[in-house]
Amino acid sequence: MEDFLVPAGRDPLTEAFGGREFAPPWRGSVPVDPDEAEAVLARVFETPRDEPAIAYVHVPYCQNHCLFCGFFQNVWRPEVAEAFVDDVIAEVADRGTTPLVASAPVAAVYIGGGTPTALPASALARLVEGLREHLPLTADCEITLEGRAYDFGLAKAEAALDAGVNRISLGVQSFDTGVRRRLGRKLPYEELTAFIRELVGLGRARVVCDLIYGLPGQTDETWARDLDTVETLGLDGVTLYALNIWRGGPLFRAIEAGKLPAASPIGRQAQTYAAGIAGLTERGFRQVSQSHLVRSTHERNVYNAGIKRGMPCLPFGPGAGGQAHGVRWRNVMEIERRRALQAEGRRPVEGLSRMPARYAAQAAITSGLESGGIDPAAVDRLAPGFAAAAAPLLRNWSEAGLVVADGDLLRTTPAGAFWITNLTSGLYAALDRAEQPSTSSKEHRMTDTLAAPSDAREKLAAQLAANPDGIIEVLARQHGVSTLDATRMLPAANCTFAPADTFADVMGELTSWGPMLFIVHTPSIVLECEGAIPRGEFGRGYFNLHGDSPIGGHIKADRCTAIAFVRRPFMGRESCSIQFFDQDGEAMFKIFVRRMPDRNMEPEQVAKFEALKTRLAA
């Protein structure tokens, strides 16, 4: 928890924290044993709902890979359209008869991607009509079509509207032609705004757009013009997103090669975010969530708000993710593998995990902060002990200028809203604290890190910021923190976390990488073994490693609470490792990219490391 205390004297907007945290509400989910997956999923679909759901349809195709995007999957080819739509409609028709889907209304459908507007007009209309035919949509169901202005056009838009779309979300990112061209966006300002003006002029759907702040080449002037443009186009809403640079992605490489100017540092991003919120409010918009502002009374943003609240989500299409009845899952992304599984009569689903028992409390924290205010007492009713555990954080944040009291609520200030993921992570840590019983054991646990002096922790953070080299376990013991806490202190450029419920995915992916270095580091031994990562499977409470490899054994995967992708210097040489942490905040084991005879890392494994990190962190 102490990682989330703001030292006195820091500017709350630009300096409260050293970087952003990743705080998904499903943190703490436990992978389902693959042997049980089919039965668990069958029970989920056989169990009726007693509350409304939302649905997500994924279209995993794009005309090109925009530099800033970490979600690109497949290049769009017109010839795939009909077969793709056939596949998704068949999936919706099949699942639409199950008790899970048919038993209660669906309040919102979000068709996302990818770039759904890449579909031809007829295919797009047929997809929407299929959703309306096979899903129990409410009379006022919000059907959102996500896309971009390029290759959209009024004819295609009207086909989608005729089919039932009533909300269109355009990924504009920036209206400035120069900034857009650097990102890989095709339409210049004049063509983009002309199309949006015509689309809004139809008066048949809510039209919203996304803007990104922190982009290379973005200035105060271009940002202000973007806000002016949003106002003059008559858009119903706008969402402001911070730029994320995926290490190893095309934008990262372009900046590293000097082809693009550097992106804004995080303090500068904070200032741009605050200016955006203030500027849009002055222009008549109303802030309804951390990132979304509306001007029209008709703009409801049902899907995005529902996801934050933890509503059941029904996933359709390759790569779509969903949740219901305490279980999360995602559809297989690879088109051919998906079809092969369907041909065998199997559901093309993977990544099943059980939501944590405290999921309702986590969702209350996430949705409360997202909507601008959290009620600690309400969360405490879901997770007794939370209010007392969170009190030191909330007092600190109030003194630091991140939250202010408003009756029973603590509302975020503009600075607190910018740092929303850090506040969320801090309150999740308070849930951890509330759950852990007091103990007189001398064994070091995660909660013991709260006893570490602030100056010691600050010294370690400063030391790692200046030089991320060194043996993390040793540094952690020297400063009285857990290894996980010390790892979290690494600069953002050196460490990226993925959800713990991707344990089986990560281990499965590594089986194809070739020989790697497997390390277990305890206070008494550093055990190293080089070999191929063997196939693993769940059984009798363990993730069991089997195969012709010197690496083998049995792992209590349900103790894994964090997975870190660490790329940093170690003993003067760059290293890449995937590190798995347990409930005590210590490393269960680490797997390192292997070194060649010249001591440099194997390039192919490095590339796979970056790709896997980007995919799972996203």
Side-chain angles (χ1 to χ4, degrees), residues 54-66 68-74 76 81 84-85 88 92 106-121 123-128 130-132 135 141-154 156-161 163-174 183-187 192 195-196 199-200 202 204-212 230 235-241 244 289 291-292 294 299-308 313-322 331 333 618:
I54 53 181
Y56 180 80
V57 182
H58 191 219
V59 182
Y61 297 99
C62 294
Q63 290 99 331
N64 64 292
H65 188 174
C66 297
F68 61 88
C69 182
F71 305 104
F72 177 82
Q73 291 293 333
N74 305 292
W76 167 248
F84 171 79
V85 172
V88 175
V92 176
V106 173
V109 176
Y110 194 97
I111 305 170
T115 310
T117 53
L119 290 170
L124 187 55
R126 196 160 61 85
L127 174 61
V128 178
L131 297 171
R132 294 182 64 197
L135 296 180
C141 180
E142 180 181 274
I143 303 178
T144 299
L145 175 64
E146 182 184 66
R148 55 194 286 187
Y150 175 76
D151 196 30
F152 194 1
L154 283 188
K156 189 183 296 187
E158 289 184 310
L161 296 170
V165 167
N166 52 30
R167 185 173 183 269
I168 296 174
S169 178
L170 297 174
V172 170
Q173 323 314 352
S174 174
L183 298 176
R185 307 303 264 184
K186 296 178 180 295
L187 292 185
L192 172 63
F195 168 70
I196 295 177
L199 184 62
V200 171
L202 293 175
R204 299 183 58 190
R206 281 90 72 190
V207 182
V208 302
C209 82
D210 298 340
L211 295 178
I212 294 179
V230 166
L235 290 163
D236 296 286
V238 60
T239 303
L240 308 183
Y241 287 117
N244 283 313
S289 73
S291 59
H292 194 61
V294 305
E299 164 56 4
R300 298 181 295 153
N301 200 28
V302 176
Y303 173 84
N304 290 302
I307 279 291
K308 299 292 184 180
C313 180
L314 310 174
F316 302 103
N331 295 338
M333 172 66 79

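Predicted model only: the values in this text are computed from it and were never measured. Just so it is clear, the values below take in all heavy atoms, side chains as well, and ignore hydrogens, waters and symmetry mates.
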Please tell me if the side chains of [X] and [Y] come closer than 4.5 Å, counting only heavy atoms from C-beta onward.
X: I307; Y: Y56; result: no
X: L145; Y: F152; result: yes
X: L192; Y: Y150; result: no
X: L131; Y: V57; result: yes
X: N301; Y: V208; result: no
X: N331; Y: H58; result: no
X: V302; Y: R167; result: no
X: V238; Y: L211; result: yes

Any chance you could lay out the side-chain contact (heavy atoms from CB on, under 4.5 Å) test for N304 and T239, step after step, and finish with the verdict? CA-CA 11 Å; N304 290 302; T239 303; over 6 Å; no
From [X] [atom1] over to [Y] [atom2], what is the distance, rounded to the nearest 0.5 angstrom?
X: T144; Y: R300; atom1: OG1; atom2: CZ; answer: 9.0 Å
X: L161; Y: L202; atom1: CG; atom2: CG; answer: 6.5 Å
X: L235; Y: S169; atom1: CG; atom2: OG; answer: 10.0 Å
X: L240; Y: C209; atom1: CG; atom2: SG; answer: 8.5 Å

Specify the closest pair of heavy atoms between [X] and [Y], including all atoms of both residues, with the distance to one decimal.
X: A55; Y: L135; result: CB-CD1, 4.4 Å
X: A125; Y: A163; result: O-CB, 3.6 Å
X: G321; Y: C313; result: O-SG, 3.9 Å
X: A160; Y: L124; result: CB-CD2, 4.0 Å
X: V59; Y: F84; result: CA-CZ, 3.8 Å
X: A81; Y: A123; result: CB-CB, 4.3 Å

Tabulate below the donor-acceptor pairs under 3.5 Å that side-chain atoms of residues 109-118 make, not counting sequence neighbours, or state none.
residue	atom	partner	partner atom	Å
Y110	OH	E146	OE2	2.9
T117	OG1	R148	N	3.2

For L119, does its backbone N or O pair with a side-chain atom of K156 as donor and acceptor, under 3.5 Å? yes
N166 side chain vs E142 backbone, donor-acceptor pair below 3.5 Å: no
